[in-house]
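To find a chain, count down the sequence lines: A is the first, B the second, and so on, and within it residues start at 1.
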Amino acid sequence: GAGVSQSPSNKVTEKGKDVELRCDPISGHTALYWYRQSLGQGLEFLIYFQGNSAPDKSGLPSDRFSAERTGGSVSTLTIQRTQQEDSAVYLCASSLVGPSYEQYFGPGTRLTVT
Amino acid sequence: GENVEQHPSTLSVQEGDSAVIKCTYSDSASNYFPWYKQELGKRPQLIIDIRSNVGEKKDQRIAVTLNKTAKHFSLHITETQPEDSAVYFCAASDNYGQNFVFGPGTRLSVLP
């Protein structure tokens, strides 16, 4: 079946502009994660959605970052007033919650802030 | 919150040799420990995982061991091949996957 998809694959934006990144999880996966990966670095947790529960926003680096998940499916990560340090690959992953917790990652969105 | 450390950060081995990557975690409530492999320019993919009620799990050339008392777990790759070259991430999570924390990664290079 279809895997996790993300759009756009690449985004170049000017400093100060807002951007929206989209994630389509695998159908039926109730858990959805957003991560940020800078070049050659690890996976920085941003936010976690599980079903209808309140999202875990503990990883969001500033109030310029927000995310929503509509209807328990598609998720959008929004970065307002982008800064150069926001440049990174943004990865989305989805999973079931039991018995398997395997996260299936999307291809990522490479964001470049000029 | 959970903190996951991973060592070494880089590892080079000769083809055919074994590779071992070690991780420690801090939260005793964590009970699910996956390992992900990320090849250059690709997305991370699960290669093996272990739960706290199991001390060791093996899948062909890959094995993971867990010591809950010491709060550490390790990835073992035997008979390494060039295609094993990648960045490997360990992670720790509770049962519901909510407190899911990745280690910083180990870059493994298998030299021909």
So with a 6.0 Å cut-off around [atom1] of [X], is the heavy-atom count from everything else above 12?
X: A/Glu14; atom1: CD; value: no
X: A/Asn52; atom1: CG; value: no
X: B/Lys22; atom1: NZ; value: no
X: A/Gln83; atom1: CD; value: yes

Is it true that [X] and [Y] fall in one hydrophobic cluster, defined by side-chain heavy atoms closer than 4.5 Å?
X: A/Phe45; Y: B/Tyr25; value: no
X: A/Leu77; Y: A/Tyr33; value: no
X: B/Tyr88; Y: B/Val64; value: yes
X: B/Val101; Y: B/Ile50; value: yes
X: B/Val110; Y: B/Ile48; value: yes

Quick one: which residues of residues 73-84 of chain B reach chain A at under 4.5 angstrom, heavy atoms only?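 Within residues 73-84 of chain B, no residue comes under 4.5 Å of chain A, counting heavy atoms only.
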
Using non-hydrogen atoms and a limit below 4.5 Å, what part of residues 37-44 of chain B faces chain A?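 Under the 4.5 Å heavy-atom cut-off, B/Gln38, B/Arg43, B/Pro44 qualify.
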
Using a 4.5 Å heavy-atom cutoff, which residues in residues 103-114 of chain A come close to chain B?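 Within residues 103-114 of chain A, near chain B: A/Gln103, A/Phe105, A/Gly106, A/Pro107.
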
Using non-hydrogen atoms only, which part of A/Leu91 is less than 4.5 Å away from chain B: side chain, backbone, both, or neither?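 Contact with chain B: side chain only.
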
Check each atom of A/Val89 against the heavy atoms of chain B and say whether the ones under 4.5 Å are side chain, backbone, both or neither.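 Contact with chain B involves no heavy atom of A/Val89 at all.
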
Locate the shortest heavy-atom distance separating A/Tyr101 from B/Arg51; write the atom from each residue and the value.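 Of all heavy-atom pairs spanning A/Tyr101 and B/Arg51, the closest is CE1-NH1, 3.6 Å.
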
What pairs with B/Ser109 under side-chain hydrogen bond (donor to acceptor under 3.5 Å, both in side chains), at least two apart in sequence or on another chain?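 Result, side-chain hydrogen bond (donor to acceptor under 3.5 Å, both in side chains) vs B/Ser109: none returned.
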
Tell me if the centroids of the rings in B/Phe100 and A/Tyr48 come within less than 6.0 Å of each other.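 Between A/Tyr48 and B/Phe100, which both carry aromatic rings, the centre distance is not below 6.0 Å.
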
So how far is it from A/Glu102 CD to B/Tyr32 OH, rounded to the nearest 0.5 Å?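 That separation rounds to 6.5 Å.
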
Check: B/Phe89 and A/Leu43 side chains under 4.5 Å, non-hydrogen atoms: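 A side-chain contact under 4.5 Å exists here.
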
